[in-house]
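Starting from 1, each residue takes its place in the sequence as its number. These figures come from a predicted structure and were not determined experimentally.
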Amino acid sequence: MASKEPSKFSGFVQNGGGWKYSPAVRYTLFVLLGVILYFGLAPDLLPKRYDIREGTHSAKEITAPMQIPDTKATLQAQEKAAENVQPRYEIIPLRTENLVTSLLDRIDRLNQDETISQREKTTIYREEIPRRASDFVLNFVAGSRKNGTYSETLLKEMQSKIREQTYVIPEETFIKIPRLTTEDIIEMKPVARNIVTQLMNDQVTDAQTARAKVAELVSISSLSQRTAREVVQELARLAIVSNKFYDEEATKEAEVQARENTPTMYIKQGDVLVSKGQLITPELYQLLDENGLLNNEVNYWPELGLLLLSAMLAVGLLMFIRQTGTSGFKYNNSQLLMLVFVFVITLVCLRLTALLQTDDRIFIGFGAPVAIGAMLLAMLLDISLAYFCSILFAVMASVILNVQQNTVFDFTFGFLALIVSYVAVFATHRAGQRSTLLKGGIMVSLFGALTVFVTSLLAGGNWKEIDTLYGVGFAFAGGLITAVLVIGLMPFFEATFGILSALKLVELSNPNHPLLRKLLTETPGTYHHSVMVGNLSEAAAEAIGADGLLCRVGSYYHDIGKTKRPFYFIENQNNMDNPHDSIEPMLSKSIIVAHARDGVEMLKEYKLPKPIRDIAEQHHGTTFLHYFYHKALRIAEENGTEPDFTEEDFRYPGPKAQSKEAAVVGIADSVEAAVRSLRKPTVEQIETMIAKIIKGRLDDHQFDDCDLTMKELDVIARTLKEAVMGIFHSRIEYPEETRKPKKEEGAVNA
């Protein structure tokens, strides 16, 4: 069987020539794409540099190419923030109520010593009470230093302030203290502790203010003796000291923190840095130098990074196209040139949107018709290529529409571009009517608006409600703009690059087309034949990765030239004599071969695309009309004359098939005619007939100018056999298992 004999068709099938298949042109186009990407992304990734010197006047106005830090304004803001820092204070719990208790305990012990006179006791108290108060503070400081509880600066501040506010007990108090009895001191202790504790629980910055409250608290206390009240009052005043102290280190730390927390001040993109004719001061020169705007230092790292990025994108696209091709390179150079144009159009759309976008109106970027490239590629080339290029378009959008100068890519715009591009491909890759593009644009609008809304929710408090509404609105408008642009650009690409979109092909396949109506009404047999050829060729083309829809529509028009002389073709001869029986073979040949030329002229008249005309012109190639040649030989032999013609005189004028589609239609045309000539075809007859037709064309070098491979010819043979068996199922005789099938060779209709 043909499908099981891969070596059945011997010989070689050559690839098409010309610039469309030139490797040099192909790789030049990818280099061109890399260059376009480099210069398309350069304004956003490369800073401008100026040849300016300090102390001179600027010859041109210099604007900020991007949002850049303003060092001077930032320093001023930092200093202002530091000045606004309130002094930091530390509350230190000294627990001076313990000092009062210890003093009263000492008084109690000393007063009970009868060996010491009243005068001596007064002297001791005059010296010891102030010293004990001072030692209490010194001991606290020493313990804090040992434990590291407070900083040295704070401890010194505490000592200094307590020393400044030291209370001096009056002389008469020292005279009264020796008169106190143990019972008096027992009564005085809780009162004195409570008064000191109560006042020291507050934040005491000025001890004198707190001490002024002691007299009132003593007067309402439970003490009844005058001497006890006076001594408690003086001891409490001595124990009350400041407990809130200025912390210099904490204040400085707060100032440092305030400076660090001050946001960097920026000069907005597009703001004038230097006016034309302005003197370049040291500050201005430093500002330009810090932001890489001067030519005083050669720095090619940004250029290298952009060059590598552009190369990565171009090479990635190249490798993807190579990997997805069924044999060799998937697209010819004309299609690759169109691919470059699609990238240019997408870049232009992004650039125009970026010109309207500002820091205050970031949402304008959501209206960029970034899905235009993906939609065009899905309609004109291939869905897988459209999906891959959507990723590249997302990268471009995240760079060009980026307003966050601290990053190279803006995820928000990149994510939106990816979503709307994928939706555009999904919605339009099977479009059969122009209205489908508008419906696809509406889907892009809806998903674009939804994406913007989702990202705004994820951003939380960083978004304003009004900006979100604007963003959703612009994203919705962007989808509609995309659809309008694609509808307008489709005819341009179809006419300029000779590419038939699925949309155009579906329109041409409409039976109401004037030529198809003419074919149906004037040559119904040819019309039926063309429809059958369309079914066969579409199946075969799709099996080898060719354009099946083009083959189907091309088949509908491939024999349109027969409408000029319909009755000279056997499928239109119903109940009538064959006119070729009564005319010379050479004239018959001229009439037969003329239908290809006549068809091309009619297709041109109705402005049908070139790929359709090519199929009509090339489907017979330069094949040989055996029947009329041998008839002419027989007539010459009967007349006893030497033939004045050669085999070349009985060939179609060509050209040979220049594409896979034209070759497939030609094979399907012969197969359909051959099967139709059989009364009761068998599976073996069909298989043998298809193999004979393909091998005959191969041996006749009819595939020399197209890029069919031997493997693809085997696939075509196998697919045509299956398709023919499906179409003519009721007519095919299947062999019985009990008997051996008889082989017959089907006639081939020239």
Side-chain angles (χ1 to χ4, degrees), residues 90-116 118 120-144 149 158-159 161-163 165-245:
E90 182 73 24
I91 305 296
I92 300 180
L94 293 173
R95 304 298 300 273
T96 52
E97 64 272 13
N98 295 330
L99 172 62
V100 174
T101 301
S102 65
L103 289 175
L104 289 173
D105 289 340
R106 172 59 177 162
I107 292 171
D108 186 23
R109 291 193 301 271
L110 189 59
N111 284 352
Q112 293 180 20
D113 190 348
E114 297 178 355
T115 61
I116 303 175
Q118 293 283 2
E120 291 175 338
K121 290 178 181 179
T122 300
T123 302
I124 293 173
Y125 289 142
R126 186 184 299 115
E127 296 177 358
E128 190 172 325
I129 289 177
R131 179 172 53 79
R132 279 178 173 268
S134 177
D135 290 345
F136 181 85
V137 175
L138 292 176
N139 291 334
F140 180 86
V141 170
S144 298
T149 308
M158 183 189 73
Q159 286 181 281
K161 195 165 185 180
I162 291 177
R163 191 181 302 113
Q165 299 181 5
T166 300
Y167 182 75
V168 179
I169 297 177
E171 181 65 24
E172 58 269 19
T173 302
F174 295 120
I175 298 173
K176 295 177 181 179
I177 292 176
R179 302 174 187 171
L180 296 173
T181 64
T182 300
E183 290 75 11
D184 294 334
I185 293 175
I186 292 174
E187 185 181 4
M188 293 166 57
K189 275 185 183 181
V191 174
R193 284 184 62 89
N194 289 338
I195 291 174
V196 173
T197 301
Q198 180 179 348
L199 294 176
M200 290 296 290
N201 280 340
D202 296 332
Q203 297 180 12
V204 181
T205 303
D206 183 12
Q208 187 61 34
T209 303
R211 290 166 182 162
K213 302 176 182 179
V214 173
E216 181 181 355
L217 294 175
V218 171
S219 64
I220 62 176
S221 67
S222 60
L223 296 177
S224 57
Q225 290 189 6
R226 179 183 181 87
T227 302
R229 288 200 301 270
E230 291 178 357
V231 172
V232 166
Q233 179 175 292
E234 296 304 323
L235 292 179
R237 288 174 176 173
L238 176 66
I240 293 173
V241 295
S242 297
N243 60 7
K244 183 179 179 182
F245 306 99

Point-to-point distance, once rounded to the nearest 0.5 Å, from NZ of Lys189 to CG of Leu235 = 12.5 Å
Which atom of Pro178 lies closest to which atom of Thr122, heavy atoms considered = CG-OG1, 3.7 Å
Could you grab the distance from atom CE of Met188 to atom CD1 of Ile185, nearest 0.5 Å is fine?
-> 6.5 Å
Heavy-atom neighbours of Arg226 CZ exceed 12 at 6.0 Å | no
What are the two closest non-hydrogen atoms of Ser222 and Val191, and how far apart are they?
-> OG-CG2, 3.8 Å
Rounded to the nearest 0.5 angstrom, the CG-CD1 distance for Leu180 and Ile186 is 12.0 Å
Is any side-chain heavy atom of Tyr167 less than 4.5 Å from a side-chain heavy atom of Ile240?
-> no
Between Arg193 and Thr101: side-chain donor-acceptor atoms closer than 3.5 Å | yes
Test item: Ile195 and Val100 side chains (from C-beta on) under 4.5 Å apart, heavy atoms | no
Correct closest heavy-atom pair for Ile107 and Tyr125 would be O-OH, 3.2 Å
With sequence neighbours excluded, what pairs up with Asp206 under the side-chain hydrogen bond (donor to acceptor under 3.5 Å, both in side chains) test?
-> Thr209
Take Gln159 and Leu138 through the test side-chain contact (heavy atoms from CB on, under 4.5 Å) and record every step on the way to the result.
-> CA-CA 8 Å; Gln159 286 181 281; Leu138 292 176; 3.4 Å; yes
With rounding to the nearest 0.5 Å, note down the distance linking CG in Asn243 to CG in Leu199.
-> 10.5 Å
Mind checking the CD-CG spacing from Glu120 to Asp113? Nearest 0.5 Å is all I need.
-> 9.5 Å
Would you check, one step at a time, whether the test side-chain contact (heavy atoms from CB on, under 4.5 Å) holds for Asp184 with Val231?
-> CA-CA 11 Å; Asp184 294 334; Val231 172; over 6 Å; no
Going through the distances and angles, do Lys213 and Glu216 end up as a salt bridge (charged side-chain N to carboxylate O under 4.0 Å, His left out)?
-> CA-CA 6 Å; Lys213 302 176 182 179; Glu216 181 181 355; over 6 Å; no
Flag side-chain contact, heavy atom, 4.5 Å: Ile177 against Lys121 | no
Distance-only donor-acceptor check, side chains Gln198 and Asn194, under 3.5 Å | no
In this structure, CZ of Arg126 is separated from OG1 of Thr173 (nearest 0.5 Å) by 11.5 Å
Does a donor on one side chain sit under 3.5 Å from an acceptor on the other, for Gln112 and Thr182?
-> yes
Got a salt bridge between Arg95 and Glu97, using NZ or NE/NH1/NH2 to carboxylate O under 4.0 Å?
-> yes
Closest contact, heavy atoms only, Val241 versus Arg211 = CG1-NH2, 4.3 Å
